[in-house]
Amino acid sequence: MKIILGLLLLVSLVFSAVDLNTASFDELVELKGIGKKKAKKILKYRKKHCFESVKELKKVKGIGKKKAKKIMKKNKGKIEVSECED
């Protein structure tokens with residue numbers, strides 16, 4: 001039974017989208033093209049700014065336009081952005 005629950009959890013993590021506004025450090029690191037350093041920078045950016053679209057990744061210091069495009073392409077359909085709270 002534990003094995004089945006573990007597999008279900010793993011499958012849900014693999015197929016669920018990562019929300020830039022709520023994702024944990026570990027969730028961000030699981031995305032292709034985002035390592036520990038970029039994940040930390042995303043979290044730092046998120047403390048002051050709310051992501052209104054995935055394209056805003058380019059505004060994160062150290063990522064820029066080219067890297068943001070690569071990250072979005074590698075993770076197509078795996079990154080989302082929830083509504084910003086006022």
Side-chain angles (χ1 to χ4, degrees):
M1 188 64 151
K2 288 181 182 180
I3 294 171
I4 293 172
L5 290 174
L7 288 173
L8 287 173
L9 178 62
L10 179 63
V11 169
S12 68
L13 289 174
V14 169
F15 292 107
S16 65
V18 174
D19 186 331
L20 290 178
N21 286 324
T22 61
S24 68
F25 173 81
D26 291 331
E27 290 171 320
L28 291 170
V29 170
E30 291 298 317
L31 292 170
K32 294 177 183 172
I34 297 180
K36 292 178 181 180
K37 288 181 181 180
K38 286 186 184 102
K40 285 180 185 179
K41 290 180 180 188
I42 290 169
L43 293 173
K44 185 176 180 179
Y45 177 87
R46 194 172 73 191
K47 284 183 180 181
K48 295 182 181 179
H49 309 279
C50 177
F51 285 96
E52 293 187 19
S53 75
V54 178
K55 292 180 181 180
E56 283 190 49
L57 272 173
K58 66 184 175 189
K59 293 182 178 180
V60 176
K61 186 176 182 178
I63 293 182
K65 192 174 182 178
K66 282 186 177 182
K67 287 182 187 176
K69 278 187 177 183
K70 285 182 182 181
I71 291 167
M72 288 185 287
K73 187 175 181 179
K74 289 179 180 181
N75 296 288
K76 192 169 187 161
K78 293 182 182 177
I79 304 176
E80 65 183 19
V81 174
S82 60
E83 279 191 42
C84 297
E85 296 179 14
D86 292 331

**Prompt:** Glu52 and Cys84: which non-hydrogen atoms are nearest, and at how many Å?
**Reply:** CG-SG, 3.6 Å

**Asked** About how many Å separate CD of Glu30 and CG of Asn75, when rounded to the nearest 0.5 Å?
**Response** 11.0 Å

**Fill in**
In this structure, CD of Glu83 is separated from CG of Asp19 (nearest 0.5 Å) by 11.0 Å

**Request:** Mind listing the closest non-hydrogen atom pair of Ser82 and Thr22 along with its distance?
**Result:** OG-CG2, 4.2 Å

**Item:** Test log, rule side-chain contact (heavy atoms from CB on, under 4.5 Å), inputs Glu56 and His49
**Value:** CA-CA 10 Å; Glu56 283 190 49; His49 309 279; 5.5 Å; no

**Complete:** In short, Ala17 meets Gly77 closest at the heavy-atom pair CB-O, 4.2 Å

**Prompt:** Taking all atoms of both residues into account, what is the closest heavy-atom pair of Gly62 and Lys41, and its distance?
**Reply:** CA-NZ, 4.0 Å

**Asked** Between Asn21 (side chain) and Phe51 (backbone), is there a donor-acceptor pair under 3.5 Å?
**Response** yes

**Request:** Output, in order, the C-alpha distance, side-chain angles, deciding distance and verdict of side-chain contact (heavy atoms from CB on, under 4.5 Å) for Ile71 and Ile34.
**Result:** CA-CA 7 Å; Ile71 291 167; Ile34 297 180; 3.9 Å; yes

**Fill in**
CG (Leu28) and NZ (Lys40) are apart, to the nearest 0.5 Å, by 12.5 Å

**Considering all heavy atoms, the nearest Val54-Val81 contact** = N-CG2, 3.6 Å

**Reported CG-to-NZ distance for the pair Asp26 and Lys36, which is rounded to 0.5 angstrom** = 9.5 Å

**Asked** Do you know the tightest heavy-atom contact between Lys58 and Ala68?
**Response** N-CB, 3.6 Å

**Request:** Could you tell me whether the side chain of Lys38 reaches within less than 4.5 Å of the side chain of Lys67, counting heavy atoms only?
**Result:** yes

